[in-house]
Amino acid sequence: MKLMERNTVAEQAFALNKLFDGVAPIHTNLSIAAYCRGEHVSDTLDNIPCIGIVATGLVDVFSSACNESLLAVSTLGPGEAFGICNVFASHPMPTTLICRRAAKVVFISKKQFASLLSANHDMLMRYLILCNEKMQFLATRVELAGIPSCCGRLACYLLRNSDKDGCVFPISSKEQLSRMLGISRASLFRELGSLSRCGSIAVDDSSIRILDAERLRLAWQTSGRGTRKDEIKL
């Protein structure tokens, strides 16, 4: 990759990641790698622990279980980073990353990243907020995994993520939402249709609007979780 193209790819990735607002990592200390669909992606490059920022394409993140099975956690698109939560910890994350769509990833060593945090208070605060958000995201994933029914998982997600007007804007696509909920696309569309027909929600191409929160709560409570009515706050 030519130097100008390399710098362009790096600038594109950092411009899409709010963590690096106002911070310009030195280009000579960056590496860029290209991946094809199905290839494994690592946060270690040439035996150096790194932060990876997706510049183009998509990378799926899976949780690695002890029995070697993989549970879909999220999908990273342009501007999103991985290897970000164990910058100051020596143990690797129990995750597996697989390229879903041909991708270019910009790598910065965790040592250099830590130096940037030390030198930039605003960036450090954004990093702490990001770590908190990731903990909340994982807590939600654990909660959803404990709900046995597809309808209950969807109802929980909608109630947890609706704004003050009852609107939910799913992550990028219905397919990605189904992966986050740990259910098939067919099951997701079946439950969306069922909840729409009974008047609980209204669905369009870009959002889902809650019409009857009480009915959704009931769907969640009767899914086997035994949740108290007041546990979900809108």
Side-chain angles (χ1 to χ4, degrees), residues 59-77 80-86 89 91-98 100 127-196 198 200-203 206-234:
V59 176
D60 286 329
V61 182
F62 299 89
S63 175
S64 307
C66 294
N67 61 2
E68 298 185 355
S69 62
L70 297 178
L71 173 67
V73 175
S74 64
T75 299
L76 304 178
E80 295 185 287
F82 58 86
I84 205 86
C85 290
N86 61 339
H91 298 292
M93 296 291 289
T95 53
T96 298
L97 282 71
I98 300 176
R100 187 203 291 194
Y127 174 71
L128 294 175
I129 291 171
L130 176 63
C131 288
N132 274 256
E133 290 173 345
K134 286 187 175 291
M135 285 190 288
Q136 291 174 330
F137 173 81
L138 291 174
T140 298
R141 285 305 308 257
V142 171
E143 179 179 41
L144 291 173
I147 299 174
S149 76
C150 297
C151 182
R153 290 187 186 189
L154 177 58
C156 173
Y157 174 83
L158 294 177
L159 289 165
R160 288 292 197 202
N161 292 277
S162 60
D163 62 20
K164 60 183 178 61
D165 297 316
C167 289
V168 183
F169 299 92
I171 41 178
S172 77
S173 69
K174 299 291 196 309
E175 180 180 358
Q176 191 171 346
L177 175 57
S178 71
R179 294 165 70 86
M180 180 186 173
L181 295 176
I183 63 178
S184 68
R185 290 179 73 247
S187 295
L188 173 63
F189 282 98
R190 182 180 65 246
E191 298 303 340
L192 286 172
S194 176
L195 291 173
S196 295
C198 74
S200 296
I201 61 173
V203 183
S206 61
S207 67
I208 302 169
R209 186 160 57 92
I210 295 176
L211 302 178
D212 190 336
E214 290 302 318
R215 192 185 294 267
L216 276 184
R217 284 195 183 95
L218 182 62
W220 188 24
Q221 292 164 23
T222 57
S223 67
R225 185 176 183 273
T227 307
R228 295 194 317 273
K229 178 178 178 180
D230 60 354
E231 276 195 8
I232 305 178
K233 298 188 183 299
L234 297 179

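No experiment lies behind these values; they were computed from the predicted model shown.
- When the side chain to side chain contact (heavy atoms under 4.5 Å, CB included) test is applied to Asn86, the partners found at least two apart in sequence or on another chain are Asp43, Ala89, Met93, Lys110.
- Here Ser187 contributes atom OG and Leu154 contributes atom CG; the two are 10.5 Å apart, rounded to the nearest 0.5 Å.
- Checking each of Leu158, Leu195, Asn161 against Ile208 for a side chain to side chain contact (heavy atoms under 4.5 Å, CB included) leaves exactly one that passes, namely Leu158.
- Between Arg153 and Glu191 there is no salt bridge, since no side-chain nitrogen of the basic residue lies less than 4.0 Å from a carboxylate oxygen of the acidic one.
- Proximity of a side-chain donor or acceptor of Tyr157 to a complementary backbone N or O of Gly152 within less than 3.5 Å is not detected.
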Check step by step if side-chain contact (heavy atoms from CB on, under 4.5 Å) holds for Cys156 and Leu144.
-> CA-CA 7 Å; Cys156 173; Leu144 291 173; 3.9 Å; yes
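- Side-chain polar atoms of Asp60 and Thr75 form a donor-acceptor pair below 3.5 angstrom.
- Between the CD1 atom in Ile129 and the NZ atom in Lys134 there is a gap of 14.0 Å [rounded to 0.5 Å].
- Between the Ser194 side chain and the Arg190 main chain, no donor and acceptor come within less than 3.5 Å of each other.
- In this structure, Leu216 CG and Cys198 SG are separated by 7.5 Å, a value rounded to the nearest 0.5 Å.
- Note that the CG atom of Leu211 and the OG atom of Ser196 stand 8.0 Å from one another [nearest 0.5 Å].
- Of the possible polar contacts, none joining the Arg100 side chain to the Val59 backbone as a donor-acceptor pair under 3.5 Å is found.
- Side chains of Val203 and Arg209 form no contact here, defined as non-hydrogen atoms less than 4.5 Å apart.
- The two residues Ser162 and Ile210 come nearest to each other via the heavy atoms CB-CD1, 3.7 Å.
- With rounding to the nearest 0.5 Å, the separation of CZ in Phe189 from CD1 in Ile183 is 10.0 Å.
- Side-chain atoms of Asp165 do not come within 3.5 Å of backbone N or O of Cys167 as any donor-acceptor pair.
- Annotation: side chain of Leu76 is in contact with side chain of Ser74 (closest heavy-atom distance under 4.5 Å).
- Looking at every heavy atom in both residues, Ala155 comes nearest to Ala219 through CB-CB, 4.2 Å.
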Kindly indicate, with the supporting measurements, whether the criterion side-chain contact (heavy atoms from CB on, under 4.5 Å) is fulfilled by Thr95 and Phe62.
-> CA-CA 5 Å; Thr95 53; Phe62 299 89; over 6 Å; no
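- For the atom pair CD1 of Ile201 and CZ of Arg215, the computed distance is 11.5 Å after rounding to the nearest 0.5 Å.
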